[in-house]
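Read the structure below first, then the notes.
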Amino acid sequence: MNQRSKPPADYDENPPLGEDFFAEARPALEDPELARVLAAKSLEYREALRSIIEAHEAGEPLDRAIADARAALTAAQ
């Protein structure tokens, strides 16, 4: 069995995945209304996560950000 050579030191085995990746990874939806609803849900989740990340980056306690995100997502249901 041959051993694989090591990748270069700057090689990232887990590169960040952009929107292009996810757009190609999702199967196309036949129903445009379902696609609209799922896109809206996705936006709600991204906004909730963004608020938590911003609080973390600002060094703020995450309890309030998580509670606000949870309330927003619960109200959206």
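None of the values given here were measured: they were computed from a predicted structure. By convention here, the first residue in the shown sequence is residue 1.
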task: Linking directly or through intermediates, with side-chain heavy atoms under 4.5 Å: list the remaining ILVMFWY members grouped with V37, chain and number order.
output: none
- prompt: Can you name the residues that form a side-chain contact (heavy atoms from CB on, under 4.5 Å) with P8, not counting sequence neighbours?
  reply: D10, Y11
- prompt: With sequence neighbours excluded, what pairs up with D31 under the side-chain contact (heavy atoms from CB on, under 4.5 Å) test?
  reply: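 D31 satisfies side-chain contact (heavy atoms from CB on, under 4.5 Å) with E33, L34 only.
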For residues 50-57, which side-chain donor-acceptor pairs fall under 3.5 Å, sequence neighbours excluded?
residue	atom	partner	partner atom	Å
R50	NH1	E47	OE2	2.6
S51	OG	A48	O	2.7

Distance-only donor-acceptor hits, side chain of residues 58-72, under 3.5 Å, sequence neighbours excluded:
none

